[in-house]
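Shown next, in structure tokens, is the structure this report addresses.
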2 protein chains.
Amino acid sequence: MPSSLTAENTAGRPRRLVIAGMEGCTNCAICEVRAHGVCSALRDDELERLARAAVRMTVPPGHIFIEEGSRATDFFNVTGGTVKLFKSLPDGRRQITGFVSVGHFLGLAVSDRYAFGAEAIDQVKLCRFSRPKLEGMIEEFPRMERRLLAEAANELVTAQDQMLLLGRKTARERVASFLYGQLENHYGDAIPPNAQISFPMTRADIADFLGLTVETVSRTLSGLRKDGLVTLNAGHGITVISPVRLEAIARGGES
Amino acid sequence: MPSSLTAENTAGRPRRLVIAGMEGCTNCAICEVRAHGVCSALRDDELERLARAAVRMTVPPGHIFIEEGSRATDFFNVTGGTVKLFKSLPDGRRQITGFVSVGHFLGLAVSDRYAFGAEAIDQVKLCRFSRPKLEGMIEEFPRMERRLLAEAANELVTAQDQMLLLGRKTARERVASFLYGQLENHYGDAIPPNAQISFPMTRADIADFLGLTVETVSRTLSGLRKDGLVTLNAGHGITVISPVRLEAIARGGES
DNA sequence: CCGGTGCAATGATCCAGGTCAATGCTGTTA
DNA sequence: TAACAGCATTGACCTGGATCATTGCACCGG
């Protein structure tokens, strides 16, 4: 039975749902993520109304602000930091279904309960909307709904990629896919040789995202280093020497 | 490297995109799936307009009607039969990302290309809409967009469940999850003991859906039979003796 | 400067599920 | 009613990645 080494994080030291900072936000028009996220679909006068529905929050690293299976009372828009979304099994095995950062929307639920948990990786800033308020907004601003649908479609495509990864890729291909994905996040589609990336998540997070163990992630990264594909820098930094070869591996087109 | 035994299906005998039957549909109001699908969101007069945009199609078993990576020109609504959605790797490894049947919508794409392929498992009936036409419809009938968003949210939740399955569940848990899912499809949430199910997909399809090999699926089913949890009937029929215990296994709460 | 705490890396061993190879079963064509 | 084709099952064996154990390496507080 595969297990997750991060299990004891939850089992041993259950984290409370603590919200550190929370203040009203009166001006969405000057919001730092105006260009991204759901808000980008709105005109200035519409943002005015949005502002009244939104509450700004700051969540410290390691804290869970959406508890798996809890009542889905709110929607969130990430305005800073990185969040991991996850699902767990009763014995502590955990699957991270995605990492989301600035501009991303969070909280679509079918039933009245969240199907996943959300935990801050680093210092995370959020814009929170109550469910009824957001529903009112959607009713009023069709462009916002359009935007939501587009984001959902996007996430669906990402989810399908991840299913292919989890169901059929080797450890090496999974790690290469993860690294290449991080490259794309930073550089877009013009990735230079010797591209640098640094990400906030630990090996354990990466393992839980890729359906592997920490040890395998570590060994596989060492393998890529020995093969001259990457260098491992201080902190969580990595230099990808040949993004092209990395992508080939990620795609499953190379051993 | 894990491999998919269905690889030669594509490699050896590439299937052409053949559409067997195709006729105009003039009356969506009497459509057999009126109660399900996107159409259920519309009033009769709206259906009238929908009818003019829709084309009915029949696709024979085994035929691919959406080619992975091809131009996303159409949207489909499944009105009969079962479709498998899949993604593949260059060497033929394949992951089935979902089975969709009557009422389900199909074809949401981020870019202008489909990110997945779609193949008919049995005789499949479809309602086809051209992309621009559907976009017009959405513009005109906000309730249809609402419906689409709801379905996307639903699929997202299902996708997350599947990621947990593929990343962290054992073979036994995966097969139990699949069977239990089939039970839910047939019976809703009131599943009686000794519930019967029969599904159109082969062991190879199940394997590609669960990230396993045909052999492991076969052995695991035999294991469940030996443990008195199921009986394997003729054709693709299975009787689930104890749905409660099956669900416990599926949830990861039992060895 | 030292001891501690929390990752990360590496080594040794194990095993769940993959691979390879028959064998069975069922339906279909002749 | 035989011969074939296409799954499905079962067995024997192998291996990629999991498990268990140790060591290394920062960064922090005293």
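These numbers come from a predicted model, not from an experiment. Just so we're on the same page: letters track the sequence lines, and every chain starts at 1.
Counting distance only, with no hydrogens placed and no angle test, the side-chain atoms of B:R219 and the base atoms of D:dG11 include a donor-acceptor pair under 3.5 Å.
The separation between B:I206 atom CD1 and D:dA8 atom P is 8 Å, rounded to whole Å. Summarising the geometry, the separation between CZ on A:F199 and C1' on C:dC7 is reported as 14 Å, rounded to the nearest angstrom. Rounding to whole angstrom units, CG of residue B:L232 and P of D:dC7 are separated by 18 Å. Atom CG in B:N233 sits about 14 Å away from atom P in D:dA8, given to the nearest Å. Spacing between atom CG of B:L166 and atom P of C:dG17 amounts to 13 Å, rounded to whole angstrom units. Between the C1' atom of C:dG18 and the CZ atom of B:R94 lies a distance of 19 Å, rounded to the nearest Å. The CD atom of B:E173 sits 14 Å away from the C1' atom of C:dG17 (whole-angstrom rounding). Rounded to an integer number of Å, the gap from CG of B:L221 to C1' of C:dG17 is 15 Å.
Residue B:R225 places at least one side-chain N or O closer than 4.0 Å to OP1 or OP2 of D:dT10. Note on B:T213: a side-chain N or O is less than 4.0 Å away from OP1 or OP2 of C:dG18. For C:dG18, the OP1/OP2 oxygens have a side-chain nitrogen or oxygen of B:T216 closer than 4.0 Å. Contact between the side-chain N/O atoms of B:R203 and the OP1/OP2 oxygens of D:dT9 is found at a separation under 4.0 Å. Distances shown here put a side-chain N or O of A:H236 below 4.0 Å from the OP1 or OP2 atom of C:dA8. Taking 4.0 angstrom as the limit, A:S218 places none of its side-chain polar atoms (N or O) nearer than this to OP1 or OP2 of C:dT10.
Between B:F105 and B:F76, the distance separating the two ring centers is not shorter than 6.0 angstrom. Aromatic pair A:F99/A:F199: centroids not less than 6.0 angstrom apart.
Mapping A:V217 and B:V217 onto DNA chain D via the closest heavy atom, the residue that lands nearer the 5' end is B:V217.
No engagement by B:G223 is indicated, since no non-hydrogen atom pair under 4.0 Å with the nucleic acid exists.
For B:E215, taking side-chain heavy atoms from C-beta onward, the closest of the listed nucleotides D:dG11, C:dG11, C:dA8 is D:dG11. Nearest nucleotide to the A:S222 side chain, out of C:dA9, C:dC20, D:dC20: C:dA9.
Side-chain contact check for B:T97 and B:K87: no donor-acceptor pair (N or O, by modelled atom type) lies under 3.5 Å. Donor-acceptor pairing under 3.5 Å is lacking for the side chains of A:T58 and A:Q123.
Distance alone, capped at 3.5 Å, places no donor-acceptor pair between the A:T239 side chain and the A:V230 backbone.
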